[in-house]
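Written out below as structure tokens is the structure these notes cover.
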Amino acid sequence: MAFPKDFIWGAATASYQIEGAALQDGRGECIWTRFSHTPGKVANGDTGDVACDHYHRYPEDVALMRDLGVGAYRFSISWPRVIPAGTGALNPAGLDFYDRLVDSVCAAGITPWATLYHWDLPQALQDRGGWTNPEIVGWFAEYTDVITRRLGDRVKNWFTHNEPFCTAFLGHMMGVHAPGLTDTRATFLAVHHALIAHGEAVPVIRRNVPGAKAGIVLNPSPQLPATDHPEDVRLARRGDAMTNRLFLDAVFKGQYPTDLIEIAGQAVDGIDLGAIQKAAVKCDFLGINYYMRWILAHVPGKPEEAVNRFPPGTEFTAMDWEIYPQGLTDMLTRIHREYGPIDIYVTENGAAFDDPEPNNGVVEDPRRVAYLRGYLAAAQAAIAQGVPLKGYFVWSLLDNFEWAYGYEKRFGIIHVDFQTQKRTPKQSALFYKRLIAGQETLG
Ligand code: FCB
């Protein structure tokens, strides 16, 4: 088995996780600046103020990618760097930064893939209700218009959102991500407006970008019952509705799953649910970020609670996420079967491990190499079963600010020393490089 010749090999990052220069050159405050500066929200009090200092060091990072031989770079744009208050006045220095970045990516022979929203909402818009305010559909269209006009001559591949599930549920229900709310109604409003904003942004991208290709990045995960106990089955079905069908049904069918709406109950009272039809805009591809599966067991006497029960002997990453490559094959084939046909890209996949420090320029990360081997073989298996999977972006190019985990969790194939900003490719980067060059097989 081999990957198709035109298979796209990429690496992915996100603006707030790597750029730093958080309040420099006119960039407005974002919800992660506010959240990470709020005591107790992020491990060790870490913030993205400096991160990988990519804002200044992007030429070095692009050179590292060129050396890896990746054909594509998925990055995201910081909305408040471009429009500091979220709407209205532009920040020329911010636009210039993305110009320089895109030019340097293109000059390295790498195709840029841009994500419009990877969670760094302008704080000024959060102050006006953020994703819970219906006006955000228009604000997002305005931002999309500005940035696609500026970059659309060179950037042809666009994603609207990264993982709207996380925007809504981690940010508005569980409170573990910015803006840190724990409000069920706000969660559903955020889902609703984020998905409609996607639907309204795609035509803006097409209008401004000759030869545009557009889509959204979702993070579906298998939600399985631990046993055939009716309560486990019910929880797995609810998990599937909330994490998978809520988003896939919206963008492919323009409707919400009826079982989820029943669960949401009063929390969605008064919301014009039919408007979700606007989310089902025709796209060129679907991005899938894939990390894990859930095996749900009920807790007697607590109908709302579920615990994860993995088989004995299961291996986990440093995030305590199960390592189970077959889950990726299962998810890709299911999406293709139930929602396809559409080109799919794995827009993120990778793992955090407790890597050793660089030793004479070498970082040994055998578990990450094994992880990548396993998941890439799983991707290959999906292709063999007919899934139009066209590319794979490893998460992540660099160790970076892993949201609520701060700098503790390292997902990079390139090690970053956050004291000195020195970059050291790990063994996994060298493996990826050989694989891309056709010098490595997965076997
Ligand atoms: C995804 C995010 C990405 C990174 C990885 C580990 O949910 O899109 O920014 O945090 O998880």
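Atoms within a ligand are numbered from 1 in the order they appear, just like the ligands themselves. Keep in mind that what you see is a predicted model, and the values were worked out from it rather than measured.
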Ligand 1 to W119 polar contact by distance, N or O atoms, under 3.5 Å:
no
Ring pair (Phe, Tyr, Trp, His ring centres under 6.0 Å) between Y345 and W113, worked out:
CA-CA 11 Å; Y345 291 83; W113 289 61; 4.8 Å; yes
Hey, are D355 and R368 close enough for a salt bridge, meaning a charged N less than 4.0 Å from a carboxylate O?
yes
Can K213 and D284 be counted as an ion pair, charged N to O under 4.0 angstrom?
no
State which residue, out of F35, F418, Y16, F411, fulfils the ring-ring contact (aromatic ring centres under 6.0 Å, His included) condition with F401.
Y16
Should you measure from each heavy atom of F411, which atoms of ligand 1 turn up under 4.0 Å away?
6 (C)
Quick look: E402 vs ligand 1, heavy-atom contacts under 4.0 Å, and the answer is side chain
For H118, take its heavy atoms, then give the atoms of ligand 1 lying under 4.0 Å from any of them.
2 (C), 3 (C), 8 (O), 9 (O)
Atom 2 (C) of ligand 1 - nearest protein heavy atom and its distance:
E348 OE1, 3.3 Å
Do the ring planes of Y371 and F353 sit parallel (below 30°), tilted (30 to 60°) or perpendicular (above 60°)?
perpendicular
Within the 4.0 Å heavy-atom shell around E163, which atoms of ligand 1 are there?
1 (C), 2 (C), 7 (O), 8 (O)
With heavy atoms only and a cut-off of under 4.0 Å, state how N162 meets ligand 1: side chain, backbone, both or neither.
side chain
Check each atom of ligand 1 against the heavy atoms of W403 and keep those under 4.0 Å away; list them by number with element.
3 (C), 4 (C), 9 (O), 10 (O)
Nearest to atom 11 (O) of ligand 1, what protein heavy atom do you find, and at what distance?
Y291 CE1, 3.6 Å
For the 3.5 Å polar cut-off, considering only N or O atoms, please tell me whether Q17 and ligand 1 meet it.
yes
Parallel, tilted or perpendicular: ring planes of F75 versus Y98, cut at 30 and 60 degrees
parallel
Inspect the contact between D96 and R81 and indicate whether a charged nitrogen and a carboxylate oxygen are less than 4.0 angstrom apart.
no
